[in-house]
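Here is the structure we will look at.
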Amino acid sequence: MVAALTGRLRWVAAPVAAVAALILVAFGARDTETSWSSAWTTAVQYPVYQNWSAMGFSDQTVRQVFRLSQEGPQVRIRLSNRFGEYPLPVSAATVAAGAGGAAVVPESVRGLSVGGQSSFVIAPGAEVVSDAVRTVGASIAVTLYFDRPTGPATQHGQSLATSYRASGDHAADPSAAPFTDTSQSWYYVAGIETLRSSTDDVTVAFGDSITDGYRSTLDADLRYPDQLAAVGHRGPVVNAGISGNRLLTDSTVLGDSALARFRRDVLDQPGVGTTVVLIGINDIGLSGSAGPDGVVFPPVSVDQLITGYRALIAQARAAGVRIVGATILPFAGSPYFSPEKERLRTEVNTWIRESGAFDAMVDLELALATPGDRTRLAAAFDSGDHLHPNDSGYRAMAAVIAPALAT
């Protein structure tokens, strides 16, 4: 397959003059006009074998549906080949209003282009932003057709949303019928931006699986960032969580560390004004043990974690972004738990509460713990693994975070 892929990609690359305008070879090429604002985002990751990303796509169409946190008169799509090894040939792309599942509203289908070209190539390690099109509403389906092998795909592993795949070119097909394969990950789509429809700044929720919404209801948009509007928060909120992510340690499975990805996933979001940081439980829980990538993580200390938080705070302040720190949720009863790891969590939370290092603080431990037992999630908020909240728990988080964002 590699030889066939290499041969086909030579065709894509020659003659150079014919495709040079279609390939973005460096980051920083995307428009950063303040009139554009992030309306949806995800933190992209390396390809993995647990989903479609390891094999990539060939003569296949992928349709993904996203719910925007704000609408505007125009929309544009950010596509990423950040972790791709080969130029990514996109043969056709559309946006449309979602009509449930893989179906879209027929009259809403609009072609996407980059630099005026309806087919384009994204260089390895690069991102592109599409030309703007008229908005199609808050539920937006992005459909990409790949007529040639893509190689391993840049992805986001735990989407809590269904993606759809069809054989052949169905980029402009409004029907759900051809899309017979499903996945619970996102592919290539890294962000959706709208022209500003209000003066409210974007809030970026930044963290691990609890920000990512793990164990919330599939396709229901009940992660805590999704529920902030339901509890009274005004303004767009986008989600930059990665399941399993750590503050201090990079992983090809669990994502680049929070320290490594903070600039691209938070500070580079157009319109960002505030970030909510909830991370550290995986550093503590995997301390002294092997992660899913097989790499043994050395024991972590409270001082190391505090140094990591201070580095995020310094980056945010240098960029003029307000940073809100959240205490780490209880985890007694989970496989991560031990008395020593509980001591680490307690000491880190004490620092988050009392140091004044963050611009604001939200005490999620207090809000979600069992009354009289700060080590354990309350039963009403526990998804069953004693580590991740359920839908009610994510709503309780939103209810605590929303007032902090308003001050």
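What you are looking at is a predicted structure, and each value in this text was computed from that prediction instead of being measured. Values below: all heavy atoms of this structure, side chains included; hydrogens, waters and symmetry mates excluded.
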Exercise. Any donor and acceptor pair, going by atom type alone, linking the side chain of Ser37 with main-chain N or O of Gly271 inside 3.5 Å?
Worked result: no
Problem set entry | With Asn81 via side-chain hydrogen bond (donor to acceptor under 3.5 Å, both in side chains) - residues at least two apart | none
Problem set entry | Whether Arg76 side chain and Val129 backbone form a donor-acceptor pair below 3.5 Å | no
Exercise. Ignoring hydrogens and geometry, is there a side-chain-to-backbone donor-acceptor pair from Arg110 to Thr135 under 3.5 Å?
Worked result: yes
Problem set entry | CZ on Arg215 to CG on Leu222, rounded to 0.5 Å | 15.0 Å
Exercise. Which value, rounded to the nearest 0.5 Å, describes the distance between Leu248 atom CG and Asn282 atom CG?
Worked result: 11.5 Å
Problem set entry | Asp385 to Ser334 - nearest heavy-atom pair and separation | O-CB, 3.6 Å
For this session: Before giving the answer on side chain to side chain donor-acceptor pair (under 3.5 Å), spell out for Ser383 and Asn390 the whole-Å C-alpha distance, their side-chain angles and the decisive distance to 0.1 Å.
Result: CA-CA 4 Å; Ser383 68; Asn390 56 20; over 6 Å; no
Problem set entry | Asp256 CG to Arg82 CZ distance, which is reported to the nearest 0.5 Å | 8.0 Å
Exercise. Please walk me through it: do Glu342 and Thr346 pass side chain to side chain donor-acceptor pair (under 3.5 Å)?
Worked result: CA-CA 6 Å; Glu342 173 62 15; Thr346 298; 3.2 Å; yes
For this session: Test Asp208 against every option in Ile281, Ile328, Ile242 by the side chain to side chain contact (heavy atoms under 4.5 Å, CB included) rule and name the one that passes.
Result: Ile281
Exercise. Do we get Arg196 above Trp36's six-membered ring, with its NZ or CZ under 6.0 Å from the centre and within 45° of the axis?
Worked result: no
Exercise. So, Gln304 side chain and Ser301 main chain: donor-acceptor pair closer than 3.5 Å or not?
Worked result: yes
Problem set entry | Side-chain donor/acceptor of Asp169 to backbone N/O of Ala171, under 3.5 Å | yes
For this session: Please step through salt bridge (Lys or Arg N to Asp or Glu O under 4.0 Å) for the pair Arg317 and Asp359, ending with a clear verdict.
Result: CA-CA 9 Å; Arg317 292 201 172 133; Asp359 295 319; 2.8 Å; yes
Seminar exercise, completed: Residue set satisfying side-chain contact (heavy atoms from CB on, under 4.5 Å) with Asp265, at least two apart, ordered chain then number -> Ala43, Phe206, Ala240, Arg261
Seminar exercise, completed: Looking only at heavy atoms, the pair that brings Leu218 and Ala161 closest together is CD1-N, 3.6 Å
Problem set entry | Side-chain donor or acceptor of Asp181 paired with backbone N/O of Ala166 under 3.5 Å | no
Exercise. Counting only N and O atoms by type, is there a donor-acceptor contact under 3.5 Å from the side chain of Thr41 to the main-chain atoms of Val238?
Worked result: no
Exercise. Among Ile77, Thr94, Leu79, Leu88, which residue meets the side chain to side chain contact (heavy atoms under 4.5 Å, CB included) test with Leu144?
Worked result: Leu79
Exercise. What do you reckon, is CZ of Arg234 surrounded by more than 12 foreign heavy atoms closer than 6.0 Å?
Worked result: no
For this session: Only counting residues at least two apart or in another chain, list the ones meeting side-chain hydrogen bond (donor to acceptor under 3.5 Å, both in side chains) with Ser287.
Result: none
For this session: Could you please spell out the steps behind the side-chain contact (heavy atoms from CB on, under 4.5 Å) verdict for Phe331 and His386?
Result: CA-CA 6 Å; Phe331 68 128; His386 313 301; over 6 Å; no
Problem set entry | All ring pair (Phe, Tyr, Trp, His ring centres under 6.0 Å) counterparts of His156, not counting sequence neighbours | Trp186
Problem set entry | Ser163 and Gln184: side chain donor to acceptor below 3.5 Å | no
Please output the side-chain donor-acceptor pairs of residues 398-407 that fall under 3.5 Å, not counting sequence neighbours, one pair per line with the distance.
unit_1, atom_1, unit_2, atom_2, d
Thr407, OG1, Arg322, NH2, 3.3
Thr407, OG1, Ala404, O, 3.0

Problem set entry | For Asp250, all residues meeting side-chain hydrogen bond (donor to acceptor under 3.5 Å, both in side chains), sequence neighbours excluded | Ser257
For this session: Could you walk me through whether Thr150 and Tyr86 pass the side-chain contact (heavy atoms from CB on, under 4.5 Å) test, one step at a time?
Result: CA-CA 7 Å; Thr150 64; Tyr86 308 100; over 6 Å; no
Problem set entry | Residue pair Gly151 / Tyr188: nearest heavy atoms and the distance that separates them | O-OH, 4.0 Å
Problem set entry | Gln45 versus Gly255, closest heavy-atom pair with distance | NE2-N, 4.1 Å
For this session: Check ring pair (Phe, Tyr, Trp, His ring centres under 6.0 Å) between Phe57 and all other residues, then give those that pass, not counting sequence neighbours.
Result: Phe146, Tyr187
Exercise. Between Thr162 and Tyr164, which heavy-atom pair has the shortest distance, and what is it?
Worked result: O-CE1, 3.3 Å
Problem set entry | Partners meeting ring pair (Phe, Tyr, Trp, His ring centres under 6.0 Å) with Tyr336 (sequence neighbours left out) | none
Exercise. Is there a donor-acceptor pair under 3.5 Å between the side chain of Asp283 and the backbone N or O of Leu247?
Worked result: yes
Exercise. Taking only residues two or more places apart in sequence or in another chain, which ones pass ring pair (Phe, Tyr, Trp, His ring centres under 6.0 Å) with Phe83?
Worked result: Tyr46
Problem set entry | side-chain contact (heavy atoms from CB on, under 4.5 Å) assessment of Met397 paired with Leu368 | CA-CA 8 Å; Met397 290 174 61; Leu368 272 73; 3.8 Å; yes
Problem set entry | Considering all heavy atoms, the nearest Ser216-Gly213 contact | OG-O, 2.6 Å
For this session: Check step by step if side-chain contact (heavy atoms from CB on, under 4.5 Å) holds for Val324 and Thr274.
Result: CA-CA 7 Å; Val324 178; Thr274 299; 4.1 Å; yes
Exercise. Who pairs with Ser185 by side-chain hydrogen bond (donor to acceptor under 3.5 Å, both in side chains), at least two apart in sequence or on another chain?
Worked result: Asn51
For this session: Before accepting this row, confirm whether a basic side-chain N of the pair Asp59/Arg148 lies closer than 4.0 Å to the acidic partner's carboxylate O.
Result: no
Exercise. Under the salt bridge (charged side-chain N to carboxylate O under 4.0 Å, His left out) rule, what pairs show up with a residue in residues 362-371, not counting sequence neighbours?
Worked result: Arg345-Glu365, Arg353-Asp363, Arg353-Glu365, Glu365-Arg374
Exercise. Between CG of Asp382 and OG1 of Thr370, what distance do you get to the nearest 0.5 Å?
Worked result: 8.0 Å
For this session: Would you kindly say whether Gln269 and Ser38 are connected by a side-chain donor-acceptor distance under 3.5 Å?
Result: yes
Exercise. Under 3.5 Å, side chain of Ser209 to main-chain N/O of Asp212, donor-acceptor pair present?
Worked result: no
Exercise. Between Asp131 and Ser113, is any side-chain donor less than 3.5 angstrom from a side-chain acceptor?
Worked result: yes
Exercise. From Tyr145 OH over to Asp147 CG, what is the distance, rounded to the nearest 0.5 angstrom?
Worked result: 5.0 Å
Problem set entry | side-chain contact (heavy atoms from CB on, under 4.5 Å) involving Ala229 - partner list, sequence neighbours excluded | none
Exercise. Is Arg67 paired with Asp221 through a side-chain N to carboxylate O contact shorter than 4.0 Å?
Worked result: yes
Exercise. Is it true that a side-chain atom of Thr61 and a backbone atom of His170 form a donor plus acceptor pair closer than 3.5 Å?
Worked result: yes
